[in-house]
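One structure below.
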Number of protein chains: 2
Amino acid sequence: MAGRGRLKAAPGPRYEQRKLEVLRAAARTFNRLGYHAATLDHVAEELGVTKPALYYYARSKDELLFTCGQMAAEALRGVLEDADDADLSGLDRLVRFFRIYAEVICQDFGRCLVLTEPRDLAPPLRQEHVGGRRALNLSVRAMIGDGIGDGSIRRCDTRAVAIALFDAFNGLGRWYDAEGAAPLQVIVDEYLAFVLHGIAARADDGGAVGSRMGT
Amino acid sequence: MAGRGRLKAAPGPRYEQRKLEVLRAAARTFNRLGYHAATLDHVAEELGVTKPALYYYARSKDELLFTCGQMAAEALRGVLEDADDADLSGLDRLVRFFRIYAEVICQDFGRCLVLTEPRDLAPPLRQEHVGGRRALNLSVRAMIGDGIGDGSIRRCDTRAVAIALFDAFNGLGRWYDAEGAAPLQVIVDEYLAFVLHGIAARADDGGAVGSRMGT
DNA sequence: CAATTTCTACTGACCAGAAAGTAGAAAATG
DNA sequence: CATTTTCTACTTTCTGGTCAGTAGAAATTG
């Protein structure tokens with residue numbers, strides 16, 4: 001049987017190594033063309049190989065997408081852990097996190113992560129994917145909550161703010177061009193300044209934003 | 001010939017009316033299933049009709065998507081115009097704009113607009129689509145620039161801030177559920193407070209956010 | 001106003017091409 | 001030569017798009 005070792009008891013270390021190259025090719029292709037527009041032939045071509053070769057390393061197209069996302073997700077989980085034990089304020093932990101989040105999201109696997117739509121994944125994978133994202137989201141909400149507790153963050157709806165943060169930074173992964181003029185660091189600093197202080201010149205108008213719609 | 005009058009010299013007002021129903025069905029279907037996963041049979045079913053009937057009102061699938069987006073884009077252009085002549089500060093104009101932007105983006109056609117990826121559109125339509133978005137973006141950047149000029153907005157990179165704003169609000173269209181608990185108004189207020197003042201409790205730490213990564 | 005023609009809005013049946021996935025043979029590798 | 005990896009060739013399914021044809025309303029005609 002040809003299909004003996006594939007996808008089970010991964011043998012040599014070469015297999016894992018090669019699999020990573022396959023994933024990276026898939027990620028780049030998905031990011032460039034979009035998951036649906038990208039065909040497995042495109043992915044294979046990116047790697048200089050033919051389509052069936054891919055099936056030696058992945059069961060299906062959506063598993064490829066899923067696994068690419070997982071790569072980034074795991075990296076992020078790692079970040080979360082060693083950002084958690086530090087005795088920093090909630091705000092500082094949040095800033096720390098998004099600094100790295102931005103970097104991850106602007107790389108191949110990270111872009112794949114934000115590109116992945118749950119509906120494109122078969123139920124088992126989908127569940128894990130949304131679970132992971134949900135966990136990330138909750139962690140950030142916890143940081144915000146902590147920040148409010150320790151006085152570093154002003155009172156706000158943690159849910160809304162967390163989502164807005166993720167959406168803004170995820171966008172980065174879509175438009176940021178590594179070859180572009182400004183280095184990522186600079187843009188992230190700009191984003192963080194925005195996130196921290198907002199855009200209003202002076203914060204002297206309380207919360208009366210809503211009452212200004214009259215005329 | 002049966003195909004005489006179709007798509008040319010649109011006759012009665014009934015045609016335009018029906019076309020709008022078709023578009024709305026398409027928008028709902030695309031939003032629910034995602035553009036690629038949604039088939040024209042799905043759209044037809046949503047309308048209680050068969051696929052060829054759709055071709056009586058649109059030339060192709062991507063034209064359907066494009067036109068849905070255009071609906072929202074035109075509404076937005078209208079908003080832009082009558083927000084422009086008012087003698088408000090740049091900040092106030094910006095707030096005004098995004099308040100309505102959020103509302104548009106959370107409706108059928110608006111969701112379609114943010115869902116549309118240029119690469120899914122044939123070149124002629126694509127060009128118009130990105131042109132429209134670019135114009136919107138530039139208008140917002142202009143507002144921010146004005147705000148900096150009139151002192152209502154603090155110094156910042158107008159490009160980065162504009163993109164971050166759009167990304168955050170666009171996200172709203174993806175996750176906001178009209179049946180959900182919080183009314184949109186409330187969430188938008190929360191978003192705007194975030195945008196205006198940021199999340200930091202006090203704005204006393206200058207721009208030294210970057211130097212805190214040491215450990 | 002009845003008979004005839006024309007038009008609108010739609011259907012059923014179909015097709016060509018594309019793309020995911022598979023089988024089994026053939027290289028490469030050690 | 002045995003195992004790992006990749007290829008050629010193929011099947012299946014799906015889906016955007018086409019086309020001929022039609023029920024029924026509307027207009028035309030004598």
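A note on names: the letters A, B, ... follow the listed sequences, proteins ahead of strands, and every chain is numbered from 1. Just so you know, these numbers use all the heavy atoms, side chains as well, and skip hydrogens, waters and symmetry mates.
Ranking C:dT11, C:dG21, D:dA9 by closeness to the A:S60 side chain, first place goes to C:dG21. In the set C:dG21, D:dG17, D:dT5, the nucleotide with an atom closest to the side chain of A:Y57 is D:dT5. Checking C:dG21, D:dC7, C:dT11 against every side-chain atom of A:K61, the shortest atom distance belongs to C:dG21. Taking every side-chain heavy atom of A:Y15 into account, D:dT5 is the closest of C:dA9, D:dT5, C:dA20. In this structure, the nucleotide among D:dG16, D:dC19, C:dA9 sitting nearest to the side chain of B:Y56 is C:dA9.
Judged by closest nucleotide on DNA chain C, B:R18 is the one of B:K51 and B:R18 placed further toward the 5' end.
To the nearest 0.5 Å, the span separating OH on B:Y101 from CG on B:L94 amounts to 12.0 Å.
Within the structure, every side-chain polar atom (N or O) of A:R59 is placed at least 4.0 Å from both OP1 and OP2 of C:dG21. The shortest distance between the side-chain N/O atoms of A:T50 and the OP1/OP2 oxygens of D:dT6 is not below 4.0 Å.
Among the protein residues, B:T39 comes within range of the sugar-phosphate backbone only, with heavy atoms under 4.0 Å from sugar or phosphate atoms but none that close to a base. At the heavy-atom level, A:A44 lies nowhere under 4.0 Å from the strands shown.
A salt bridge between B:R99 and B:D189 is present, with a side-chain N of the basic residue lying under 4.0 Å from a carboxylate O of the acidic one.
Screening B:R111, B:K61, B:H36 for a side chain to side chain contact (heavy atoms under 4.5 Å, CB included) with B:F30, the sole residue that qualifies is B:K61.
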